[in-house]
Structures are given as C-alpha cells and as structure tokens.
Protein chains: 2
Amino acid sequence: MPEHAVKFPGNLQRLNTMQNDHKDNSAARVVGDLKQDILQGYFAPGEKLAMARLKTRYNVGVSPLREALSQLLIEQLVVVENQRGFRVHPISKEEMLDIYQTRARIEALCVGLAVDQGDDEWEARILAAAHKMQKFSTSMESDPQEWERRHHDFHSAIVAGCHSPTLLGVRRSLYEKASRYRNLWLTDNMQQTDFFDANRKEHDQLIDALLRRDRETACKLIEHHLLSPSKALLESQTIPEKTV
Amino acid sequence: MPEHAVKFPGNLQRLNTMQNDHKDNSAARVVGDLKQDILQGYFAPGEKLAMARLKTRYNVGVSPLREALSQLLIEQLVVVENQRGFRVHPISKEEMLDIYQTRARIEALCVGLAVDQGDDEWEARILAAAHKMQKFSTSMESDPQEWERRHHDFHSAIVAGCHSPTLLGVRRSLYEKASRYRNLWLTDNMQQTDFFDANRKEHDQLIDALLRRDRETACKLIEHHLLSPSKALLESQTIPEKTV
DNA sequence: TTTCGTTGAAATGTCGACATTATTTGCTTG
DNA sequence: CAAGCAAATAATGTCGACATTTCAACGAAA
C-alpha cells in the first residue's frame, strides 16, 4: 500500500528481471527487483529492511529473501548486523568519492585497453550507440529512464573493446554502486541543461579521441567525464560526510 | 569422513573464521570455511556441491548453506544451474589469463597511487613486512602456509598506501580468484627454487623503486611480478583451455 | 519532577524440519 | 535397442520453534 513512486531511471537490470520472471528460482528474481529498489532509492540508505515488509512486497517467503539479501551483502548494497537483520548500505560523501574515483580509474583502464585492441566492429558499435543517444537527447526530460539506458549503452560499447570479462565485471559492479548516488543527485536537481550540454561536448571529444586512437587523451577525458558528477554530489545536503 | 588433506596455503580468511565461530550467524562461518575449501582445492573446479555432503561437512542445515552459496555465487566461486544445485566455478586457461592480467593491472593502479600518496609510515610498514618475509625465505618449503601469509602481507602493505577501500576490495576479490589457480600450480610443482630466487630479486627491485618514488618503474615491476605465474600456469596439463 | 536503569513483553531474525516441485535414473514395453 | 513411464533423488520454498533484540513501563535516585 505505501507504494512510493519509483522516481528515476536506473540501469538495464530490469531487463534481466524480465527474463528471470519465468525461469530461474524466485531468489534470483528478488535479487533483481530488490537491487532496483535500492539503487533507485525506493529503500533509503541505512533504512531497515524488515522481513515482514519485504515478504509482502515481493510475495516470497523468508528463505528466498535471505538468499537475495546474502548476495546483495557481498555486493555491498546491504549490511547485516549480528542478529538485528538487514539494512540498506549507508552512504557518505567519503564513500561516494572513493567509489567515483575508483570507477573513473577503472573505466580509464578499460578505455585504454579498448583503444589498443578495438577493431572496425568496435568503432562501428560506438558510432551506432552514439547516434541513438544523440537522437534521444531532446526527449531526455520526458523519459529519463530511456535516456539513461542509451547513455549507458554508449559507454558500454566503448569499454567492450577491452575484451576482458573480469575487468568489465568489476566495472559493472562499480557502476551499480555509483548509480545510487547518481539517482540521489538526479532527484535533488533535475533541470541541469547546462550540465548536459557540457556532457554532450565531452562525448564528442571522446569519440574523436577514440577514433584517432589517442589513448592518452581518451583516458583523460573519460576520467574527467566520470568524475564530474561527484563534484556536484559533494555539495549535496542529503549525503552525510561520513557514515552514521 | 572422507577428510581430504588440506594441501596448501591460502589467505587470511582463516583468521576471520576463527572470530566468526562464536559471534555472527552460521552462514557467515560457512562462507569462510567453504571459500577456503574451494580456493585450496578441497572441492575441485566444476565439482558438484551436494547439499547432503556440505551438511555433514559443516554441521549446519540447508538454510545457512544456501545463504553461503548465494554469496559465493556473486563472488563467482560457485555457479548455479537452474534447479540442479550448485557446482564449483569451473576453471580454464582463458579465464586464468583474464584474471591474472586484470589483477596485474589493478595492482599496478594501487601501487601507482600508493607511490604518490604514501607517507613515512607507509614506507616503514613495507620494510617491516619485507623483513618478516625475508626471515622466512629459508623455511619456505617447511611451512608454505606461513610463507604465503608473509608474502601476502608484504604486497598488502604496499597497496595499503592508496587509501581506497573500494579499490582494495576489488583487489582482494581478484586475489582470491587467482589463488585457486596459484594453489593448483603449487600442487603441480613445488620445488621451484629458481623461480623463488627470481621472485626475491623482483621484490628487492620493487622496494627500491617504491622508496625512490619511481612510479613508472614500480608499476612495471609489479605488473610483471604478478603476471609471471600465469605464464607457468599456461603450461599446466590440469587446466583446460576453455570452460568445459 | 526528571532522568536513568531495570525488567518484562512483543517483535524480529535465525535455523532446521517438512512438503513441494523438478530432474534424473532405471525399468518395462513396443 | 529405443522410447516412455515410474520411482528415486535432489533442490526449492514454506512454516514453526527457538534465540536475540527492541521497546515501553515501572521504579529508584538525584
């Protein structure tokens, strides 16, 4: 009943969820849904995840729930206290900065490798993804979910060129952790036309560097590109300095 | 009853396990023990993890077991098949190379940051750890477990200088994944005096570069240092080329 | 009167037993 | 010998017993 409005975009997890609906066990489905709810802020950072509430929300028993929570525990999206149940992993500017900086460095690593290893197919996919993102830049405010999806696809197309599943797995994990903060920022202030203009310019520069195989410049650009939201987030009043 | 001999060293997980024995829930204890058993090869790659067997081995019911397995699922140490239970994550030279290369790059990233940010305390801890490792180099064959521990402490002391919990978490995860292969290699051929001589020389060079704050050299050295085991592992007969 | 500590009851999490469902094995029959 | 059906085997999910925590009410001391 207390169905909070799901405010903002997320990632492509929803797609997985859809697939999981019929196959797999119910724990896997809950993992996807619960992850969504945490990343998008339905459950606030630090909030208690009472079993009774989760049970009604996802229509499952405690066993699948505990399995799902156990997985999110490793991904550091929830924390568990001795016998006091689960809570959403708390947030802090300290952790936010660490995640964003690490993510920027990892992404730069991916981009560097991709520049060295990427082939024609790689270039083609980047341009295709960039085009789809470009086409949607006007409808950004009407459907932020779809825009975020295309934006994500664009960056994924770039790093895919590194051909390292392990490294890409690390990257995905960091992206998810960061998306909690990003969604928080989007709820804070949505109308950021100037920001998105700068964003688009950076994309153009990045594509240029990639196609020129200018590794140095590409890495610098992507690192700056991923770091800029963290600067805005530092001003946020809703994020505590350190973990409470 | 079928108590296989625990063959080889591992990491510091055992310490955690000890602490967890009295506090925490039983799932947390099983996670530590089961991880040990997988990393050290008690359970072979690809082997089926039958609930009945695990139940008797760890003296717990199925609920904590499923929780533990769920966590190792995210860490990619086990895999789950639709309704057919869990297996140990299979190994392959392909994955081995990917893990080792990624790990080397991440470690180089940590070292680079540590060189920039490390202070006197950092230098002191490195020298202390190096000394303890040095002192044990003769007893290496008698107690490989303890030697591995000191070796690990040494490298940990170096990367600790980067002061990034997130990045260090990524590093630890990759270290654990790699240790499965490393243990496999150690069982294959234990007497590798020449290898360890080269190893020690690399350590000395590394320390020298670190104290000189020669970032470039330190990163190159550590990357090469972590990559060399993978070259030996490529020759192994026991690891399949690709996942079966 | 207010504040702090204690105690008891209610709530919540943990874990194992049982039931359900899916898969595999083995036997029978064409 | 192959195909299909039946029994077993094994994993998944629900439920309930037990243990721990939380909260509130009560009482004593300042």
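Convention: sequence-line order gives letters A, B, ...; per-chain numbering from 1.
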Residue mapping more 5' on DNA chain C - nearest nucleotide basis, A:G85 or B:P64: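 The answer here is A:G85.
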
Integer-rounded Å distance: [N] [atom2] and [X] [atom1]:
X	N	atom1	atom2	answer
B:Q83	D:dT9	CD	C1'	14 Å
B:R84	C:dT24	CZ	P	5 Å
A:R87	C:dT12	CZ	P	13 Å
A:N82	D:dT21	CG	P	6 Å
B:M51	C:dA22	CE	C1'	15 Å
A:E67	C:dC15	CD	P	14 Å
B:N59	C:dC15	CG	P	14 Å
B:L54	C:dG16	CG	C1'	16 Å

Below 4.0 Å: OP1/OP2 of D:dA11 and any side-chain N or O of B:K48: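 Yes, such a contact exists.
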
Short side-chain N/O contact from A:S63 to OP1 or OP2 of D:dT14, under 4.0 Å: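 Looking at the OP1 and OP2 atoms of D:dT14, neither is under 4.0 Å from any side-chain N or O of A:S63.
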
Touch class at under 4.0 angstrom, heavy-atom based, for A:V62 against every strand present: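 Base, at least one base heavy atom under 4.0 Å.
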
Sugar-phosphate, base or nothing in reach of A:A50, heavy atoms under 4.0 Å: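 A:A50: backbone/sugar contact only, no base atoms under 4.0 Å.
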
Lys NZ or Arg CZ of A:R57 over A:Y42 ring: under 6.0 Å, within 45°: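 Cation-pi check for A:R57 and A:Y42: passes.
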
Ring geometry between B:F43 and B:Y58 (parallel below 30°, tilted from 30 to 60°, perpendicular above 60°):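 Ring orientation, 0 to 90° scale: tilted.
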
Mutual orientation of the aromatic rings belonging to A:H151 and A:H155 [parallel < 30°, tilted 30-60°, perpendicular > 60°]: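 Correct class here is perpendicular.
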
Neighbour count >12 (heavy atoms, 6.0 Å) for atom NZ, A:K132: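 Counting neighbours around NZ of A:K132, 12 or fewer heavy atoms of other residues, nucleotides or ligands fall under 6.0 Å, so no.
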
